[in-house]
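Numbering of ligands and ligand atoms starts at 1, following listing order. Computed over heavy atoms, backbone and side chain alike; hydrogens, waters and symmetry mates excluded.
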Amino acid sequence: MIVLGIETSCDETATAVCRSGSIISSHIRSQAIHEKYGGVIPEIASREHERYLNNMVSDTLKDAGISKEELEGIAVTQGPGLSGTLITGVCFAKGLSLGMGLPIIGVNHLEAHIFANFLADPTLEFPFVCLLVSGGHTQLWYVKNINNYQLMGESRDDAAGEAFDKGARILGLAYPGGPEIEKLSKGGNPNAVKFPRAMMKKNNLEFSFSGLKTSLLYYMDEQKNANLKDVAASYQQAIIDVLITKLKWALAETDCHSCVIAGGVAANQSLRQGTKRRLSGEKVLYPDLSLCTDNAAMIAYLGELYLEKGKQSEIDFPILPNMKLA
Ligand code: KG4
Ligand code: ZN
């Protein structure tokens, strides 16, 4: 099947074409305009999607070497995400579906992040544990099969990506904060500042990052001549330590020996290396960098899987800004 994927849940406009489980073209346009505001402005994000989507679909099809008429289905992010940006993508996809007489499927963005790992390694097998770490979510999932997911634990407050973004703002860095903190951390001492690790009672799979951000704020207030490299490296380490420890506990609880890391924070090299090192006996997978942050390849891939199974959405399906996975 040849499926066009469309992703507009936040500030990345993305389009991709998947054919029989392989991505043959994928385009991502990150909206740099939000940098100057230090965060995503929903109304601007919607307008940017609206402005670029049509041309991006044309370019993606051209790159794939296929015409619109060859498409056999459309997959679009239904949620979770920002209402306005989701509406922009879903309305565009519905128009295409109606105009071309193509089946359409609304895809769960979180589920797509998990399935991006099958693009990274097609030999991945169920069951596995997924650490889903993005700007809006920090969750541990026991992935038993497609459409069979058990939530093992999640953040009580800020998501890990949010902790990076808010920490970066305190340190005077640009948005999105994750890559900025990672860059500044290079060469810094991750043990220089003892930032707190919350909810570390053995086998507790819940997370909390809001206290960490507050302690960074206090630290920066008190230490006027702080070594920023050391502070960034220590802050990053505090987030990563917790993530890896809880992933390890989750694996032990399920008796699973394979795990994947999904979502934007999975792009972090220290998290990737640390996980490999501390879970050396287990199979650890994470997608290519371009598949960790928001993209349409994962939407097209998962959409094709469902369409192949005969599942599709009614044309009047709603957007679901708070869409859950299970
Ligand atoms: O999955 P994603 O692209 O969008 C959401 O669905 O939220 O994740 C975005 C988040 C942001 O908070 C960003 O700071 C974080 O992922 N991120 C990183 C890195 N690259 C992106 N965090 C840490 N290190 C990175 N290299
Ligand atoms: Zn995402």
Novice: Please say whether more than 12 non-hydrogen atoms of neighbouring residues, nucleotides or ligands are located less than 6.0 Å from NZ in Lys68.
Specialist: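 For Lys68, atom NZ is not crowded (no more than 12 foreign heavy atoms under 6.0 Å).
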Novice: Starting from atom 24 (N) of ligand 1, find the nearest protein heavy-atom neighbour and note its residue, name and distance.
Specialist: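 Checked against all protein heavy atoms, atom 24 (N) of ligand 1 sits closest to Asn268 ND2, 3.1 Å.
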Novice: Identify, for atom 17 (N) of ligand 1, the protein heavy atom at the shortest distance, and state residue, atom and that distance.
Specialist: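 Ranking protein heavy atoms by distance from atom 17 (N) of ligand 1, first comes Gly264 O, 3.6 Å.
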Novice: Is a salt bridge present between Lys213 and Asp165, judged by a nitrogen-to-oxygen distance below 4.0 Å?
Specialist: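 Between Asp165 and Lys213 there is no salt bridge, as every charged N stays at least 4.0 Å from the carboxylate O atoms.
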Novice: For Lys248 and Glu282: C-alpha separation, side-chain torsions, deciding distance, then whether salt bridge (Lys or Arg N to Asp or Glu O under 4.0 Å) applies.
Specialist: CA-CA 9 Å; Lys248 210 170 164 174; Glu282 321 285 358; over 6 Å; no
Novice: Side-chain contact, heavy-atom cut-off 4.5 Å: Asn108 with Pro80?
Specialist: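 In short, these two side chains touch, coming nearer than 4.5 Å.
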Novice: Applying a 4.0 Å heavy-atom criterion (strictly less than), which segment of His109 is in contact with ligand 1: side chain, backbone, both, or neither?
Specialist: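 Looking at His109 and ligand 1, just side chain atoms fall under 4.0 Å.
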Novice: Which atom name does Asp294 have for its N/O/S atom nearest to the Zn ion (ligand 2)?
Specialist: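 This residue's closest N, O or S atom turns out to be OD1.
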Novice: Looking only at protein heavy atoms, identify the closest one to atom 4 (O) of ligand 1 and say how far it is in Å.
Specialist: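 Scanning the protein heavy atoms, the shortest distance from atom 4 (O) of ligand 1 goes to Asp294 OD2, 3.1 Å.
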Novice: Provide the number and element of each atom of ligand 1 under 4.0 Å from a heavy atom of Gly136.
Specialist: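 Close to Gly136: 7 (O).
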Novice: In the structure I gave you, are the side-chain heavy atoms of Met100 and Ile74 within less than 4.5 Å of one another anywhere?
Specialist: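 Contact flag for Met100/Ile74 side chains = no.
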Novice: Is the closest heavy atom of Gln269 to ligand 1 under 4.0 Å?
Specialist: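 The answer is no, since Gln269 has no heavy atom less than 4.0 Å from ligand 1.
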Novice: Do His113 and ligand 1 have an N or O pair less than 3.5 Å apart?
Specialist: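 Yes: some nitrogen or oxygen of His113 is under 3.5 Å from one in ligand 1.
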Novice: Determine whether Leu205 and Leu325 fall in the same hydrophobic cluster, where Ile, Leu, Val, Met, Phe, Trp and Tyr are linked whenever their side-chain heavy atoms lie under 4.5 Å apart.
Specialist: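 Different clusters.
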Novice: Enumerate the atoms of ligand 1 whose separation from the nearest heavy atom of Gly161 is less than 4.0 angstrom.
Specialist: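 Those atoms are 12 (O).
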Novice: Give the residue and atom name of whichever protein heavy atom lies nearest to atom 10 (C) of ligand 1, and the separation in Å to one decimal.
Specialist: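 So the nearest neighbour among protein heavy atoms is Gly135 N, 3.5 Å.
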Novice: For the Zn ion (ligand 2), find the closest N/O/S atom on His113 and give its atom name.
Specialist: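 Of all N, O or S atoms belonging to His113, NE2 is the one nearest the Zn ion (ligand 2).
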Novice: Could you tell me whether Glu50 and Arg47 have a side-chain N and a carboxylate O separated by less than 4.0 Å?
Specialist: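 Salt bridge flag = no for Arg47 with Glu50.
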Novice: What atoms in ligand 1 come closer than 4.0 Å to a heavy atom of Gly177?
Specialist: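 With Gly177 as reference, the close atoms of ligand 1 come out as 14 (O).
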Novice: So which heavy atom in the protein is nearest atom 26 (N) of ligand 1, and how far is it from that ligand atom?
Specialist: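 Looking only at protein heavy atoms, the one closest to atom 26 (N) of ligand 1 is Glu182 OE1, 2.7 Å.
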Novice: For side chain to side chain contact (heavy atoms under 4.5 Å, CB included), just list the numbers for Lys246 and Asn204, CA-CA rounded to whole Å, side-chain angles, deciding distance to a tenth of an Å, and then say yes or no.
Specialist: CA-CA 8 Å; Lys246 302 219 167 195; Asn204 178 348; 4.2 Å; yes
Novice: Taking 2.8 Å as the cut-off, does His137 contribute an N, O or S atom near the Zn ion (ligand 2), distance below it?
Specialist: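 Short answer: no, not a single N, O or S atom is under the cut-off.
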Novice: Under 6.0 Å from the six-membered ring centre of Tyr286 and within 45° of its axis: does the NZ or CZ of Lys276 meet both?
Specialist: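 That pair qualifies as a cation-pi contact.
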Novice: Using a distance-only test with no angle check, is there a side-chain donor-acceptor pair under 3.5 angstrom linking Thr15 and His27?
Specialist: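 On atom types as modelled, these side chains do not qualify, holding no pair under 3.5 Å.
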Novice: Could you tell me, atom by atom, which parts of ligand 1 come under 4.0 Å of a heavy atom of Thr293?
Specialist: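 Per the distance check, 3 (O).
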Novice: Looking only at side chains, do Ser208 and Asp157 share a donor and an acceptor under 3.5 Å apart?
Specialist: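 There is such a pair between these side chains.
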Novice: Ligand 1 versus Asp165, non-hydrogen atoms closer than 4.0 Å: side chain, backbone, both, neither?
Specialist: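 Contact part for Asp165 vs ligand 1: side chain (C-beta onward).
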Novice: For Cys10, state whether at least one heavy atom is located under 4.0 Å from any atom of ligand 1.
Specialist: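 The answer is no: ligand 1 sits nowhere under 4.0 Å from a heavy atom of Cys10.
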Novice: For atom 18 (C) of ligand 1, which protein heavy atom lies nearest, and how many Å away is it?
Specialist: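 Sorting protein heavy atoms by distance from atom 18 (C) of ligand 1 puts Gly178 CA, 3.5 Å first.
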Novice: Can a salt bridge be assigned to the pair Asp59 and Arg29 using a cut-off of 4.0 Å between side-chain N and carboxylate O?
Specialist: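 Between Arg29 and Asp59 there is no salt bridge, as every charged N stays at least 4.0 Å from the carboxylate O atoms.
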Novice: Within His109, is some N, O or S atom less than 2.8 Å away from the Zn ion (ligand 2)?
Specialist: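 Under 2.8 Å: His109 contacts the Zn ion (ligand 2) through an N, O or S atom.
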